[in-house]
Protein chains: 2
Amino acid sequence: MTSPVRLALLGCGTVGQEVVRLLHEQGTDLAARIGAPLEIAGIAVRRLGRDRGDLPIDPTLFTTDALGLIKRDDVDVVIEVVGGIEPARSWLVEALRAGKSVVTANKALLAEDGVALHDAAAEGGGDLYYEASVAGAIPLLRPLRESLHGDRINRVTGIVNGTTNFILSAMDATGAGFAEALEEATELGYAEADPTADVEGFDAAAKAAILASLAFHTRVGAADVHREGITEVTAADVASAQAMGCTIKLLCIAARGVDPAGRETVSVRVHPAMIPRSHPLASVGDAFNAVFVEADAAGELMFYGRGAGGAPTASAVLGDVVAVARNRLAGVRAASESAYADLAVRPMGEALTRYHVSLDVADRPGVLAAVAGVFARHDVSIATVRQGSAGGSPGRDGDAELVIVTHVAPDAALAATVGELRGLDIVRSVTSVLRVEGGV
Amino acid sequence: MTSPVRLALLGCGTVGQEVVRLLHEQGTDLAARIGAPLEIAGIAVRRLGRDRGDLPIDPTLFTTDALGLIKRDDVDVVIEVVGGIEPARSWLVEALRAGKSVVTANKALLAEDGVALHDAAAEGGGDLYYEASVAGAIPLLRPLRESLHGDRINRVTGIVNGTTNFILSAMDATGAGFAEALEEATELGYAEADPTADVEGFDAAAKAAILASLAFHTRVGAADVHREGITEVTAADVASAQAMGCTIKLLCIAARGVDPAGRETVSVRVHPAMIPRSHPLASVGDAFNAVFVEADAAGELMFYGRGAGGAPTASAVLGDVVAVARNRLAGVRAASESAYADLAVRPMGEALTRYHVSLDVADRPGVLAAVAGVFARHDVSIATVRQGSAGGSPGRDGDAELVIVTHVAPDAALAATVGELRGLDIVRSVTSVLRVEGGV
């Protein structure tokens with residue numbers, strides 16, 4: 001048999017341990033698929049001697065010298081499951097420049113400085129694969145990178161963060177507030193001790209940048225993504241959504257557009273939004289992920305599965321390892337980054353969105369006219385108005401509720417409208433403001 | 001710029017015309033993605049001068065001499081969208097042997113004689129791609145062929161025929177019988193004038209063979225697939241399913257197993273089955289397709305989208321064209337067929353299934369015991385029994401309804417049980433027999 005393809009594994013946490021386990025259990029199959037066995041040359045960890053259960057691996061393979069391991073001549077492929085920007089970036093740039101192939105699950109690094117990695121890969125001539133960086137086990141990047149290359153993708157809408165989806169699903173199911181649902185998620189292991197990266201949308205924004213880059217053949221970085229988390233979503237928002245036949249999801253949305261000068265643009269954003277229960281993404285519950293793609297010829301596609309966890313992420317990592325190992329044996333390289341389109345990133349204020357606004361207003365004649373006047377002044381067209389009573393029966397001096405859903409308008413105009421409504425005399429309070437997606 | 005990659009298009013029906021249109025509209029993008037322009041060298045059709053609308057193509061490119069076109073030295077890639085076994089097989093074998101790359105949507109040919117094509121591709125050194133052959137625009141084969149190669153797939157369950165899904169969805173929504181729903185499908189263009197290939201399950205069986213081959217790294221042909229169509233699904237079956245909180249879908253199921261001798265096997269089947277409404281496949285309506293994949297590490301994945309139609313199929317074809325064109329420019333070849341596992345195909349009688357059986361029985365003491373005895377004699381364990389009245393209030397000499405759902409058992413034992421029930425004195429009629437999938 002051909003001599004083995006040798007792997008350096010950087011990191012041995014939940015994902016790394018699953019990678020080791022799968023390599024052990026499925027070694028024969030993987031070798032048959034590749035045409036050569038895979039062999040672990042070394043595993044770089046922060047501390048030796050830590051308990052890693054009954055991992056089926058020779059303990060002498062562990063080392064704390066990651067850079068030394070990467071530089072070894074007998075290492076062909078570097079697998080990085082450490083996360084974070086540094087030292088991961090230096091390690092991977094070093095590996096790629098030396099001509100090694102890299103498989104990484106590091107969404108933060110790819111979104112922050114993907115250019116450094118792509119450039120190093122081009123210089124060294126190895127492959128850079130990162131299927132596990134977005135939506136875990138769901139085969140998503142390869143379809144975007146390859147299958148849909150004969151088509152024109154117009155929009156990608158995804159639920160790409162399992163923690164926030166678990167929290168929002170719980171709020172929807174039980175009526176709980178954000179804090180309570182977060183507590184439950186933490187207890188069940190769906191949220192980390194410091195949940196900031198998830199609940200503030202940083203994780204989803206990094207994935208959005210990667211998806212947008214691939215879908216639109218352009219470079220989008222984390223800084224290009226408008227980001228809002230779910231910490232301000234209230235039980236009242238959830239109830240408002242339910243009253244509209246909707247549910248609230250943290251969506252990442254990447255969409256093509258044309259700016260006033262006629263140039264093609266891309267807008268990329270992460271924020272909570274109401275979507276109708278009939279939308280395919282609405283039934284994506286718990287910690288599952290799903291990505292909805294709209295393309296010119298293909299129409300609507302959806303990819304669904306587990307977005308996180310040791311085994312699902314390791315499945316995606318190993319799929320990439322098989323591909324890059326095959327490429328090395330064949331002496332070839334996958335197509336490199338496709339960023340020819342070089343689209344301008346449109347600022348959030350110019351993105352076209354729709355708002356759902358609930359107002360607690362004075363219940364007296366002329367209120368609707370005054371409110372509608374504010375929308376009109378900002379050139380925002382109203383799609384529906386629902387009038388109800390807020391907290392008790394409406395009376396001459398009581399409160400009333402106005403629920404307004406707009407048509408599509410520039411986000412800045414919508415935000416300005418809400419700002420002006422807040423200052424209006426007759427508006428007691430703005431009880432809920434949510435963007436609306438998916439054709440309510 | 002690099003000299004063009006030249007294409008021979010075989011067939012110019014609905015899909016072929018969309019391929020021409022997309023090549024025209026997205027030519028600049030495709031060239032940027034590939035690194036060279038695509039150029040149509042010729043289009044083989046049965047009859048010249050037929051009206052093909054306002055197709056943006058030089059009419060002198062049409063020819064009736066397909067073989068002559070294929071053999072031309074200036075043709076690099078052959079796209080086949082003709083369908084059927086011959087002459088498509090001879091053409092593609094000729095093209096592949098001559099070292100050209102082939103992109104085909106021909107599921108019937110791949111399932112009937114995929115070996116001939118794979119062998120010819122290996123001989124000539126070109127690529128053989130066929131994403132469009134299963135589930136139209138849904139990127140499915142590439143994920144199976146590549147993304148999941150680091151994992152072990154255990155089961156693939158799919159809705160892969162849009163015509164039958166449209167018919168069954170209509171029966172479920174309106175209570176119509178098969179004939180009536182078929183008529184509607186024909187009127188709306190979802191069913192062909194001769195609907196045999198769809199409603200008898202031949203189309204789904206060909207796709208099942210292709211999916212099973214890729215998922216399990218083995219060779220499965222159309223003849224290995226157990227096939228039952230939907231022509232015998234009645235309004236009563238649909239009502240029975242609804243009473244159980246289920247819906248009926250034509251499923252293709254490919255599953256790993258182990259035979260009594262301990263050898264790994266694969267069983268592949270196409271038949272209508274009840275699935276619970278909570279199953280992700282249950283909400284796949286109209287002519288949409290979806291494929292549900294269960295893998296060791298990845299867990300549950302689902303792929304959803306349009307399974308047929310000119311534009312969606314053309315999207316998949318062009319995605320393949322971009323890939324093979326890139327490979328040709330790089331002087332490389334994609335990984336060839338992976339069939340190392342060489343699993344035995346298990347006969348349907350040994351496949352493990354569950355049955356839902358509705359019986360119209362005499363309403364008198366001892367009936368349930370007698371019926372249960374038949375199941376016991378065949379070693380079939382009963383999961384649930386529901387007793388109701390069939391067509392009127394139950395009385396001493398009236399009829400009663402028994403609805404029985406079994407646990408998993410070999411299909412042959414289940415079929416034999418039903419056969420014996422039909423002969424039983426106290427059984428007036430067996431009103432519905434359906435397999436049950438998806439954990440009812």
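The chains referred to below are lettered A, B, ... by the order of the sequence lines, with proteins before strands, and numbering in each begins at 1.
Between the side chain of B:D151 and the backbone N or O of B:A298 there is at least one donor-acceptor pair closer than 3.5 Å. No side-chain donor-acceptor contact under 3.5 Å links B:T313 to the backbone of B:V15. Judged by distance alone, with hydrogens and angles left aside, the side-chain atoms of B:S336 form no donor-acceptor pair with the main-chain N or O of B:A122 at under 3.5 Å. Looking only at distances, a side-chain donor or acceptor of B:R256 sits under 3.5 Å from a matching main-chain atom of B:I153. Here the side chain of A:K207 pairs no donor or acceptor atom with the backbone of A:G158 at under 3.5 angstrom.
In this structure, the portions of A:I138 lying under 4.5 Å from any heavy atom of chain B include both its backbone and its side chain. With a 4.5 angstrom heavy-atom cutoff, A:H149 touches chain B via backbone and side-chain atoms both. In this structure, the portions of A:R152 lying under 4.5 Å from any heavy atom of chain B include both its backbone and its side chain. If you measure heavy-atom distances from A:D296 to chain B, the contacts under 4.5 Å come from the side chain alone. When heavy atoms are compared at a cutoff of 4.5 Å, A:Y340 approaches chain B solely by way of its side chain, counted from C-beta outward. For A:V321, no part sits under 4.5 Å from any heavy atom of chain B, backbone or side chain. Contact annotation for B:L148: both backbone and side-chain heavy atoms come within less than 4.5 Å of a heavy atom of chain A. Neither the backbone nor the side chain of A:Y129 has a heavy atom closer than 4.5 Å to any heavy atom of chain B.
No other option in A:A295, A:G310, A:S315 has as many heavy-atom pairs under 4.5 Å with chain B as A:S315. When each of A:A323, A:G305, A:A311 is scored by its heavy-atom pairs under 4.5 Å with chain B, the top score falls to A:A311. Ranked by heavy-atom pairs shorter than 4.5 Å toward chain B, the options A:A137, A:G319, A:A297 are led by A:A297. Most heavy-atom pairs under 4.5 Å with chain B: of the set A:E18, A:E25, A:Q26, A:E131, this distinction falls to A:Q26. Across A:A316, A:P143, A:G150, the residue that shares the most heavy-atom pairs under 4.5 angstrom with chain B is A:G150. When each of A:P312, A:S338, A:P139, A:A290 is checked for heavy-atom pairs under 4.5 Å with chain B, A:P139 comes out on top.
Across all non-hydrogen atoms, the minimal contact from B:F216 to B:L343 is CB-CD1, 4.0 Å.
Ring pair A:Y304/B:Y304: centre-to-centre distance not below 6.0 Å.
The pair A:D127-A:R328 does not meet the salt-bridge criterion, since no charged nitrogen lies less than 4.0 angstrom from a carboxylate oxygen.
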